[in-house]
Amino acid sequence: MSHTLQELADLLGGVVHGDASLAVSGLGSLDDASEGQITFLANPKYAEKVSVTKASAVVLPPGAQRYGKHAIEVKNPYLAFAKLLTLFYVRVPEPQGVMAGALVGKDVSLGDGVTVFPGAVIGNNVRIGNRTIIHRNSVVGSDGFGYAPDGEEWYKIPQIGIVVIEDDVEIGAGVTIDRAALDVTVIGKGTKIDNLVQIAHNCRLGENCMIVAQVGIAGSVKLGKHVTVGGQAGFAGHLSIGDNAMVGGQSGVMGDVPAGSLLSGTPAIPHRDYLRASTLYGKLPEMRKTLQSLEKRIVQLEAQLKTIEPE
Amino acid sequence: MSHTLQELADLLGGVVHGDASLAVSGLGSLDDASEGQITFLANPKYAEKVSVTKASAVVLPPGAQRYGKHAIEVKNPYLAFAKLLTLFYVRVPEPQGVMAGALVGKDVSLGDGVTVFPGAVIGNNVRIGNRTIIHRNSVVGSDGFGYAPDGEEWYKIPQIGIVVIEDDVEIGAGVTIDRAALDVTVIGKGTKIDNLVQIAHNCRLGENCMIVAQVGIAGSVKLGKHVTVGGQAGFAGHLSIGDNAMVGGQSGVMGDVPAGSLLSGTPAIPHRDYLRASTLYGKLPEMRKTLQSLEKRIVQLEAQLKTIEPE
Amino acid sequence: MSHTLQELADLLGGVVHGDASLAVSGLGSLDDASEGQITFLANPKYAEKVSVTKASAVVLPPGAQRYGKHAIEVKNPYLAFAKLLTLFYVRVPEPQGVMAGALVGKDVSLGDGVTVFPGAVIGNNVRIGNRTIIHRNSVVGSDGFGYAPDGEEWYKIPQIGIVVIEDDVEIGAGVTIDRAALDVTVIGKGTKIDNLVQIAHNCRLGENCMIVAQVGIAGSVKLGKHVTVGGQAGFAGHLSIGDNAMVGGQSGVMGDVPAGSLLSGTPAIPHRDYLRASTLYGKLPEMRKTLQSLEKRIVQLEAQLKTIEPE
């Protein structure tokens, strides 16, 4: 199916430069697109490729040179690329609802347009918002990990809370999200969770967070809005992480994090400090050697000084 | 259903102060409990809230002020809370046996009162003790990861051992426990395993261990009794970890660990040393700067001393 | 079933010393083997046990003393052990094809002799080579984790690429391998992947790699041939890792890695440097104390020198 540049500009919220009635029928990269297709410039360092691409039209950011090409100017060409990809190539609508091979418990509410992939398992008393996607073999609503010490043994604390997954959440494959002990575990609207992430009981993730693969979040942690967490990072329990904070991969967060912070390392420290410190880690042996050599030279200086100092 | 304080005291192994025939019909926190309910004081810092709670009775530790309330004195109020929660709120008995959607192999023995949740997969020749719980999408008895180098290629070593899960074990969601190569992988009585933990072939975990989410234990590691391991920690193969050892989250254990040790970091060192060292990590650039400045001052001192030293 | 030493030597590519017509009917360790069985010496430190083993024959490396025993000399006794274990003990052929409880999508091609275990889930448009094994509850071909920022929200980038698993790959339990965004995610021939590993979209793993449990590989990473990665290690996106590189457990690889490198730590540095530096980590408080003491002594020296220096 083909679309005119004007149709595409309307979809993307952009402005056509050139022939708005020109029709294109596919999307390709600057290098690979062929005649009749549209391409896009997302990275300014490839700006000159616009002059030689075989594509019939180009999606460009404001101010970019269009080398005489028919073009659509948009604020965010990468987002436009994602939207055009969906338009041109996601022909068969994604299956919606609960697919064969998914296992859903009792008293589960599913919003409109939810997709639960095969092998995903949803426990009892879980609420899932509209358009949320749960990928293969993820588990939502398993028991939280809570025990009271009873001498040497562990007495299981009943996990009788629920899980609420809000609208437009995407949960990757092999993820585990535990139900609350008494209250509610919440994944906020628009939050995206990568594969093999662990979210413990009573966590509350804000809207539009981005949680990369294999992250572990201990019980009762609160994430603000739009928090980004790199792969394999971990959070101790009961922490509060402010809006727009970013935590680097493999970091270990041991304390509360103010909004807008950028942290890395274990225990996590400001990212800039981490970068400087981590560079020196491999230089520890050299530093130690210097330290030992300075100590010797000081001993010598002290001895020399003693010999010449007036009594 | 309501219970008299005497009935509850008998259940909890406690002593009633006040009206033993008073009946209560539910459990709430010091802040939220209403008349007709019982509450509990687990954290001494909230001791004064006992005087103002609306609850009709309070579970207290020995020696706590009861402010004229009807009370049950117990040694461990947190454990009592867990038991009362079970009594009052876990009305429907948990499903037992193998639930629909669980996949069980050949020659598997299941003890009494075992619960295997949907999506859990148990391989052949696995023995599971009484009252053990296996949560959704966990895998028990998959092949261990063993290969013999054959030039550049890897020749699979048959994994023909078994797995024994003893009584009262709880295995979280998305956990993987491998069968032994030749012998047996053992999870000891009463041990609790959180989500997404990996336990490799031939491991032997003692009784009442506590393994937090995303921990990885390499092949043939032995854990003693009551070992606690924080989330995302890892163990190299063939190690022996003593009774009651505690390993911090994200630690990397590279050597044997004596009983009662408290370790953190990668490679893991005594926790107290780790705390001191990790505080200084971010100060490495400052230390290096000081080191360089001291070196310059020493060079200057040496030069000065040369000029004034008698020949 | 029994086999003569000559038959076994032919299987193993070895040479018989002693009675080639002697038949053995099982395999045991040097300590445990009984008469009528064959044993093996894989670790030279147990060489003297050959003299006292009850086994009727021994598999030995070149040059090892056979203490008058019937023996088969082979280059790689550990590989021979694996082959004999398969011969003697893997009697029932492993099930092949897709087992009950595995979920396979549309347009999936399965090679000859493929085994897909119960609970494994394979998405649409995945190609799986000959003799590949996929263990329980792994997911192959789930969507990659790709979003374009759209203000505060995240717009899903369609993941319309495929996954190619080549011949003789083994994928552990609970593994997640994402489909490519546009192109292809490749797991090279003979590569072995342990449990709970995450492999993101567009990764290309070479032949005969060895990926230990809980490793996370971010998008578009290329691994060369025969790369070994220790448990819980992580890779940032878009890196290129050379042939035969080895990465230690829990390492964080942040940059390209030349062929043959041996790296450890986060950020990963040469393993030898890491070993030296990590030993000093716990000594940071001591180093800092020394530094402070040296500074004081220098201040004193400077003051003393001032008093005696000629004007």
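Since we're looking at a predicted model, the values are computed, not measured. Hydrogens, waters and symmetry mates play no part in the numbers below; they use all other heavy atoms, side chains included.
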Over all heavy atoms of both residues, which pair between [X] and [Y] is shortest? Give the atoms and the distance, please.
X	Y	result
F145(C)	I193(A)	CE1-C, 3.5 Å
H135(A)	S142(C)	ND1-OG, 3.4 Å
G119(A)	V121(C)	CA-CG2, 4.2 Å
K156(C)	A82(A)	O-CB, 4.5 Å
G216(C)	Q232(A)	N-NE2, 3.3 Å
P149(C)	Y78(A)	CD-CD2, 4.3 Å

Could you look at [X] and say if it's the side chain, the backbone, both or neither that has a heavy atom under 4.5 Å from chain C?
X	answer
V299(A)	both
D168(A)	neither
I211(A)	backbone
E295(A)	both

How long is the span from the [atom1] atom in [X] to the [atom2] atom in [Y], to the nearest 0.5 Å?
X	Y	atom1	atom2	value
L291(A)	K283(C)	CG	NZ	13.0 Å
Y89(A)	L182(C)	OH	CG	8.5 Å
K289(A)	L280(C)	NZ	CG	12.0 Å
I122(C)	R136(A)	CD1	CZ	10.0 Å
N137(A)	T176(C)	CG	OG1	10.0 Å
E170(A)	Y147(C)	CD	OH	3.0 Å

What part of [X] is in contact with chain A, defined as an atom under 4.5 angstrom from a non-hydrogen atom: side chain, backbone, both or neither?
X	answer
A102(C)	neither
V140(C)	neither
L103(C)	side chain
I269(C)	side chain
Q250(C)	backbone
V215(C)	backbone
T279(C)	neither
S251(C)	backbone
L196(C)	both

Choice from [options] maximising heavy atom contacts with chain C below 4.5 Å:
options	answer
N208(A), T191(A), T266(A), V212(A)	N208(A)
G174(A), P118(A), A80(A), G101(A)	P118(A)
D194(A), I298(A), N76(A), L85(A)	D194(A)
L79(A), L294(A), L301(A)	L79(A)

### Query
For Y155(C), is the NZ or CZ atom of K83(A) found under 6.0 angstrom from the centre of its six-membered ring and inside 45 degrees of the ring axis?
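Geometry flag: set, cation within 6.0 Å and 45°.
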### Query
Hey, is E286(C) close enough to R288(A) for a salt bridge, meaning N to O under 4.0 Å?
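Yes, this pair counts.
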### R297(C) bridged to E302(A) by N-O distance under 4.0 Å
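E302(A) and R297(C): salt-bridged.
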### Message
So does Q214(C) get a backbone contact from the side chain of Q214(A), meaning a donor-acceptor N/O pair under 3.5 Å?
### Response
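Yes; judged by distance alone, with no hydrogens or angles, the pair exists.
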### Message
Check the orientation of Y281(A) and Y274(C). Use parallel for under 30°, tilted for 30 to 60°, and perpendicular for over 60°.
### Response
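Answer is tilted, since the angle falls between 30° and 60°.
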### Query
If you measure only the distance, is there a donor-acceptor pair under 3.5 Å linking the side chains of Q198(C) and N195(A)?
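The answer is yes; a qualifying pair exists.
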### Message
With a 6.0 Å cut-off (strictly less than), is the heavy-atom count around CE of M246(C), excluding the residue itself, greater than 12?
### Response
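No.
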